[in-house]
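The shown structure was predicted, so the numbers you read here are calculated from the model rather than taken from an experiment. So you know, we letter chains A, B, ... as the sequences are listed, proteins then strands, and number each from 1.
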Amino acid sequence: MVKQRVKEMLLAAARAAWEAGELASCNFPEANIEEPRAGAHGDLATNFAMAGASAQKMPPRQIAQAIVGHLADPEGLIEKTEIAGPGFINFFIRPSAWLPVLSEIHEKEGSFGSADLGQGCRVQVEFVSANPTGPLHIGHGRGAVVGDTIASLLSFCGYRVDREYYINDAGNQIHTLGKSVFLRCREIDGRSIEFPEEAYQGEYIYEIAKSAISQKGQQLLDTDEEEAVKICAGLAADEILASIKNDLENLGVLFDNWYSEQQLYDTGRVNRTLAFLEKQGLVYENDGAKWFAASKLGDEKDRVVVRKNGQTTYFASDIAYHLEKYERGYEQIIDVWGADHHGYVPRLSAALKALGKREEQFRVILTQLVNLLRKGRPVSMSTRAGRFVTLRDVTEEVGRDAARFIFLTRHHESPLDFDLEVAKARTNDNPVYYVQYVHARIASIWKKGAEEKGINTSSPGNLSLLCEAEEIGLLKQLARYPETVAVAAELMEPHRIAYYLMDLAALFHAYYNKHKVLTDDPELTKPRLYMVLAIQKVIGNGLNLLGVSAPEIM
RNA sequence: GCGCCCGUAGCUCAGCCGGAUAGAGCGCCGGACUUCGAAUCCGUAGGCCGCAGGUUCGAAUCCUGCCGGGCGCGCCA
């Protein structure tokens with residue numbers, strides 16, 4: 001592409017200048033080519049001369065002069081160059097030099113923009129992993145969409161990615177869940193109960209209790225309490241998990257694997273992992289509990305792995321779980337957590353370090369909280385009373401596309417205001433429809449062009465007729481897509497794709513309002529249709545990465 | 001108290017692995033449908049980039065300290 005070619009030309013020119021004795025050193029800096037904000041500074045610019053000043057022991061402008069003097073441009077991409085400011089080299093690109101991006105898009109279709117960054121590296125993205133003790137809320141939705149989209153991005157960029165959900169089906173909370181259900185069963189049966197504060201208060205507990213009674217019958221209430229609670233816990237977790245799965249499917253989130261915490265105990269992995277750490281001298285006893293020496297590996301303090309009462313902690317099984325991920329062959333693991341768990345990061349990192357994993361093999365993405373609003377006002381959520389708007393409610397009200405897109409319109413570490421009314425609005429307030437509208441509009445143009453003008457893609461026509469300023473702007477934006485994807489994948493920042501699409505959509509809508517695609521002149525109409533169809537493909541490609549549909553009609 | 005995140009236009013936010021004159025949407029005001037989909041577009045106004053230092057040829061961007069907001073700091077998960 002143009003940017004890459006200019007970069008190559010720049011480096012070649014620097015080398016040529018050095019060979020000609022005009023530069024003192026061949027120790028060149030990284031060639032950083034960017035697009036200046038101001039159009040007066042050209043289409044592309046580089047700080048190459050400034051960055052190399054110290055190595056060359058020459059003033060930047062003089063270096064720039066030497067490089068420009070040796071610039072070879074066989075394809076004639078560059079119209080002119082300028083040396084500006086403290087030593088920028090500004091490149092003015094011949095407008096038609098941007099045209100080849102169109103044929104590239106038409107050839108590559110859905111794979112346009114992908115790059116083999118991962119080279120087959122196996123990555124696991126673990127996300128949501130909410131305890132199966134209640135319905136998902138909107139915060140889980142954000143984590144789900146961010147995790148899912150990061151996985152898509154990585155997969156698009158050459159990583160072999162699996163999506164995994166970790167089920168916390170062992171430990172206290174499940175026991176509490178079972179007890180909550182059991183107590184409700186008794187209540188339904190007409191017995192008087194004391195419902196403890198720490199039990200799950202929600203309405204859904206009654207539903208599960210009813211279903212437990214109908215499945216297990218009256219005898220459930222007469223069995224030994226411990227046994228009954230266990231049965232209730234199992235039933236409840238299964239039922240809740242099924243509904244979580246369903247909610248996630250409605251959001252377009254599908255997992256490759258659902259991994260049970262209990263399984264780690266059943267296979268003895270937790271004990272084995274602890275024994276290993278103990279052998280390394282990183283687990284010691286104090287106050288009747290066993291501690292992992294996390295403070296030796298970057299955490300603030302040591303952490304308990306086995307409680308005084310002999311039970312292991314959640315942390316213990318989590319270490320075992322993460323170790324097992326690597327044993328399954330993942331070279332890199334990514335966890336998506338709510339930001340309220342950020343304090344947990346150092347201790348898990350410490351544990352993985354103790355297990356011999358490199359820092360870059362483990363990455364935690366934290367998603368900030370979501371404020372649910374309606375018409376600008378907070379929607380009251382009372383978890384205690386068990387009254388809250390669930391993720392399912394939100395998805396049903398605003399639809400999958402809007403929900404997903406809105407979750408991706410913020411950096412994941414920024415808090416997000418999610419306004420239900422805005423999410424439903426079919427206006428510029430709501431960027432989903434703005435972007436999708438481009439896709440639908442182009443479908444409509446295309447249909448009309450084929451029907452009335454009999455024009456199809458196989459005839460791009462004379463592309464040099466694409467010379468309006470808005471057309472060049474669109475070509476440049478299309479050319480930015482691969483880099484946008486690569487950066488989004490590298491930084492694991494899917495919101496960059498959303499912003500890219502909004503920018504592309506804005507350029508298209510402006511163009512559409514100013515120029516006709518279907519003109520009376522077939523020779524002009526052909527290249528315009530060809531370009532517009534390329535735009536549609538890139539919009540579809542990007543929306544697909546985000547898990548949002550690209551409708552032909554809306 | 002310690003740690004993490006956030007602080008950019010009236011509001012909601014991009015930009016932050018250093019670049020030149022800081023952007024978008026909404027809102028306000030004023031315009032554009034007998035012509036490819038008005039779920040659209042065009043125009044005006046709006047800024048000590050929280051504050052103060054530091055590094056640099058150059059800082060919204062990096063470093064330090066403060067201020068304000070959120071979240072964490074369990075032998076819970």
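At the phosphate of B:A38, neither OP1 nor OP2 sits under 4.0 Å from any side-chain N or O atom of A:His509. At B:C41, one or more side-chain N or O atoms of A:Tyr434 fall inside 4.0 Å of OP1 or OP2 (strictly under the cut-off). Listed pair A:Arg410 / B:C5 fails the phosphate criterion, with no side-chain N or O lying under 4.0 Å from OP1 or OP2. OP1 or OP2 of B:C76 has not a single side-chain nitrogen or oxygen of A:Thr176 nearer than 4.0 Å. Distances shorter than 4.0 Å separate some side-chain N or O of A:Arg307 from OP1 or OP2 on B:A77. OP1 and OP2 of B:C57 both lie 4.0 Å or more from every side-chain N or O belonging to A:Arg61.
Within the 4.0 angstrom heavy-atom criterion, base atoms lie near A:Glu552. Residue A:Phe315 is out of contact with every strand shown, counting any heavy-atom pair closer than 4.0 Å. The residue A:Ala53 sits apart from the nucleic acid: no heavy atom pair falls under 4.0 Å. Among the heavy atoms of the strands lying under 4.0 Å from A:Asp287 is at least one base atom, whether or not backbone atoms are also near. Across all strands shown, A:Ser444 has heavy atoms under 4.0 Å from base atoms, whether or not it also approaches the sugar-phosphate. Across all strands shown, A:Asp429 has heavy atoms under 4.0 Å from sugar-phosphate atoms exclusively, and none from any base. Nucleic acid contact class of A:His412 (heavy atoms, under 4.0 Å, all strands): none. Counting any heavy atom pair closer than 4.0 Å across all strands shown, A:Met554 reaches a base atom. The residue A:Ile553 sits close to a base: some heavy atom pair falls under 4.0 Å. Within the nucleic acid shown, A:His411 comes within 4.0 Å of sugar-phosphate atoms alone, with no base atom in reach, counting heavy atoms only.
Taking A:Glu552 as the reference, nothing meets the salt bridge (charged side-chain N to carboxylate O under 4.0 Å, His left out) condition, with sequence neighbours excluded.
A:Asp299 has its CG atom 14 Å from the P atom of B:G3, to the nearest Å. As rounded to whole Å, 14 Å separates atom C1' of B:A39 from atom CG of A:Asp401. Regarding A:Glu198, its CD atom lies at a distance of 15 Å from the C1' atom of B:A77, rounded to whole Å. Straight-line distance from the OH atom of A:Tyr500 to the P atom of B:G25: 18 Å, rounded to whole Å. When the P atom of B:A39 is taken as reference, atom CZ of A:Phe508 falls 14 Å away, rounded to whole Å. In this structure, CZ of A:Arg303 is placed 14 Å from P of B:A77, rounded to the nearest angstrom.
Distance noted for atom C1' between B:A45 and B:G3: 43 Å (whole Å).
Side-chain atoms of A:Tyr314 and A:Gln173 form no donor-acceptor pair, as typed in the model, at a separation below 3.5 Å. In this model, no donor atom of one side chain and acceptor atom of the other lie less than 3.5 Å apart for A:Asp335 and A:Tyr166. A donor and an acceptor atom, one from each side chain of A:Tyr511 and A:Glu471, are located under 3.5 Å apart.
With both pairing distances under 3.5 Å, B:U61 is matched to nothing as a Watson-Crick or G-U wobble pair. Pairing for B:C73 is with B:G1, a Watson-Crick or G-U wobble pair whose two hydrogen-bonding atom distances lie under 3.5 Å. B:C66 is paired with B:G50 under the Watson-Crick or G-U wobble criterion, all donor-acceptor distances under 3.5 Å. The partner of B:A9, taking Watson-Crick or G-U wobble pairs whose two distances both stay under 3.5 Å, does not exist in any strand shown.
In terms of modelled atom types and a separation under 3.5 Å, the side chain of A:Asp169 and the main chain of A:Ser260 share no donor-acceptor contact. Proximity of a side-chain donor or acceptor of A:His439 to a complementary backbone N or O of A:Gln436 within less than 3.5 Å is not detected.
Which of B:A38, B:A77, B:C75 sits closest to the side chain of A:Gln173 comes down to B:A77. For A:Lys448, whose side chain is taken as the heavy atoms from C-beta onward, the closest listed nucleotide among B:C6, B:G19, B:C36 is B:C36. For A:Lys301, the listed nucleotide lying nearest its side chain is B:G74; candidates were B:G37, B:G74, B:C17.
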Each nucleotide N or O in nucleotides 20-24 of chain B that has a protein N or O under 3.5 Å away: list the pair and distance.
from	atom 1	to	atom 2	distance (Å)
B:A20	OP2	A:Arg37	NE	3.4
B:A20	N6	A:Asn90	OD1	2.5
B:A20	N1	A:Asn90	OD1	3.3
B:A20	N1	A:Asn90	ND2	3.2
B:A20	N3	A:His41	NE2	3.4

Where do N or O atoms of nucleotides 68-70 of chain B meet protein N or O atoms at under 3.5 Å, pair by pair?
none

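If A:Arg426 and A:Pro415 are placed on RNA chain B by their nearest nucleotide, the residue sitting closer to the 5' end is A:Pro415. Projected onto RNA chain B by closest heavy-atom contact, A:Lys308 and A:Ala510 fall at different nucleotides, the more 5' of which corresponds to A:Ala510.
Shortest non-hydrogen contact noted between A:Val422 and A:Asn430 is O-ND2, 3.2 Å. Looking at every heavy atom in both residues, A:Asp43 comes nearest to A:Pro36 through O-CD, 3.5 Å.
Looking at A:Leu416 and A:Gln368, their side chains never come closer than 4.5 Å, going by heavy atoms from C-beta outward.
With its glycosidic angle within 90° of 0, B:C33 adopts the syn conformation.
In summary, A:Arg480 and A:Glu35 engage in a salt bridge, as defined by a charged side-chain N under 4.0 Å from a carboxylate O.
Here A:Tyr437 does not pack flat against the base of B:U40, since the 5.5 angstrom centre distance and 30 degree tilt limits are not both met.
Open room surrounds NZ on A:Lys296; 12 or fewer heavy atoms of other groups in view lie less than 6.0 Å from it.
In this structure, the separation between CZ on A:Phe405 and CG on A:Leu543 is 6.5 Å, given to the nearest 0.5 Å.
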